[in-house]
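Just so it is clear, the structure is predicted and the values come from calculations on it, not from any experiment. Just so we're on the same page: letters track the sequence lines, and every chain starts at 1.
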There are 2 protein chains.
Amino acid sequence: MRVNQIANEIGVTADTVRFYTRVGYLNPSKNPTNGYKEYGDKERRLLRFILSARQLGFSVEDIGQILSTAERGRSPCPLVRVLIQQRLIETQKSFQDSVQLRERMTSAIETWNQKPDRAPTGEMICHLIEEFDHTAAAVYNGA
Amino acid sequence: MRVNQIANEIGVTADTVRFYTRVGYLNPSKNPTNGYKEYGDKERRLLRFILSARQLGFSVEDIGQILSTAERGRSPCPLVRVLIQQRLIETQKSFQDSVQLRERMTSAIETWNQKPDRAPTGEMICHLIEEFDHTAAAVYNGA
DNA sequence: ACTTGACCTGTGTTCATGACACAGGTTTAT
DNA sequence: ATAAACCTGTGTCATGAACACAGGTCAAGT
């Protein structure tokens, strides 16, 4: 099985398979006649596992730790339970960041509907952006 | 004004100031005796503008376009109105991604509370992750 | 046997946005 | 003068792949 075959079978791009190979999580054998990498059952199982873990928000490095724990025959489950808590916190944060950014953006768009375009001056580059920031700061300060 | 002074005054790190200098948005003069960069009023205004725009979700490249439009004396406002719509779409997407990931994560954590740790086998690396993925796929398929 | 063209491969590079490392210069205190 | 503390610019690193590209392979046609 070569890189494109396994990629198609699992439903990812060849570049993704190459990436996980490059970082050492997949260890295909090498066809000596042409140097092509040969992926087998073990790699298929590993790749599926990697994708499942990615779906759950584990980082590529997390997965490396999980895999190497398992390789040593130890249960990776305790580590997995710890790591997902950390990743959940990060996800909450990126969720909150997205919410707040979205609020700022929609608020700006609405405000800008009432405002004209204006050429830049020595003081202002884009009055929409600069004035909105003042407004937002004022709101934030409770003014 | 040197890099740390302007950075402290505006409330960012010196590395951030260096970054915007490197990409050419800030053009400090150079002290010929020691090679240090000298930031002045113009750079302070520019830096503030850059940060305001970043707060609104514009990418660094967006800001480059906005700045170069303004430099040519043209109003950047129409561009700004277009760009923020595009960035808003991306923000919505990252918001949705965060929500869905969070759901998967919390659902996994809850499920895992009922499950024991287990050592890896030839078939399984981490039964928590692999079994959760089956479950999730089944739910998704309406089973 | 040979050639053409289509497809495939591995390796190196790029993306975004700063943070970090580091060798050397500068300022302050002694 | 000297030592310590601090500052500077430049170069590299980080994520998780996607992309570029030179060359290899393989089937079809001649």
*asked:* Looking at A:Glu61, I'd like to know if its CD atom is crowded, meaning that more than 12 non-hydrogen atoms belonging to other residues, nucleotides or ligands lie closer than 6.0 Å.
replied: no
*Select from B:Phe58 and A:Glu38 the residue whose nearest nucleotide in DNA chain C is closer to the 5' end of that strand.*
A:Glu38
*Base, sugar-phosphate, or nothing: which does A:Arg2 touch, judged by heavy atoms less than 4.0 Å apart?*
sugar-phosphate
*Nearest-Å distance for atom pair CD1/C1', residues A:Ile6 and C:dC8*: 16 Å
*Please give, in whole Å, the distance from C:dG10 C1' to A:Asn4 CG?*
12 Å
*Determine the interplanar angle of the B:Trp112 and B:Phe132 rings, folded into 0 to 90°, and report it as parallel if under 30°, tilted if 30 to 60°, perpendicular if over 60°.*
perpendicular
*Quick one: is C:dG10 close enough that its OP1 or OP2 comes under 4.0 Å of any side-chain N or O from A:Arg18?*
yes
*Is A:Val3 touching bases, backbone alone, or none of the nucleic acid, heavy atoms closer than 4.0 Å?*
sugar-phosphate
*Gap between atoms OH and C1', on B:Tyr20 and D:dG9 respectively (whole Å)*: 19 Å
_For B:Ala14 and A:Thr16, find the nucleotide of DNA chain D closest to each by heavy atoms; which residue's nucleotide sits nearer the 5' end?_
B:Ala14
*Could you state the atom-to-atom distance from OH of B:Tyr25 to P of C:dT17 in whole Å?*
9 Å
_Donor/acceptor link under 3.5 angstrom from B:Arg22 side chain onto base of C:dG18_ = no
*If you look at every strand shown and take non-hydrogen atoms under 4.0 Å, does B:Asp15 touch a base, only sugar-phosphate, or nothing?*
base
*Relative to the 5' end of DNA chain C, which residue comes earlier, B:Tyr36 or A:Gln5, by the nucleotide with the nearest heavy atom?*
A:Gln5
*Atom CG of B:Leu26 to atom P of D:dG9: distance rounded to whole Å?*
12 Å
*Presence of A:Lys37 side-chain N/O under 4.0 Å of C:dC8 phosphate oxygens OP1/OP2*: no
*Whole angstrom is fine here: how far is it from CD1 in A:Ile50 over to P in D:dT15?*
15 Å
*asked:* Test of understanding: clusters of I, L, V, M, F, W, Y form through side-chain heavy atoms closer than 4.5 Å, transitively. Do A:Ile10 and B:Met124 belong to the same one?
replied: no
*asked:* Run A:Asp62 and A:Ser59 through side chain to side chain donor-acceptor pair (under 3.5 Å) and show every step you take.
replied: CA-CA 5 Å; A:Asp62 290 343; A:Ser59 72; 3.3 Å; yes
_Test: B:Arg102 cationic atom under 6.0 Å from A:Phe95 six-membered ring centre, within 45° of axis_ = yes
*Rounded to whole angstroms, how far apart are CG on B:Asn34 and P on C:dG25?*
11 Å
*side-chain N/O A:Thr13 vs D:dA17 OP1/OP2, d < 4.0 Å*: no
*Round to a whole Å and report the spacing from CD of B:Glu61 to P of C:dT14.*
16 Å
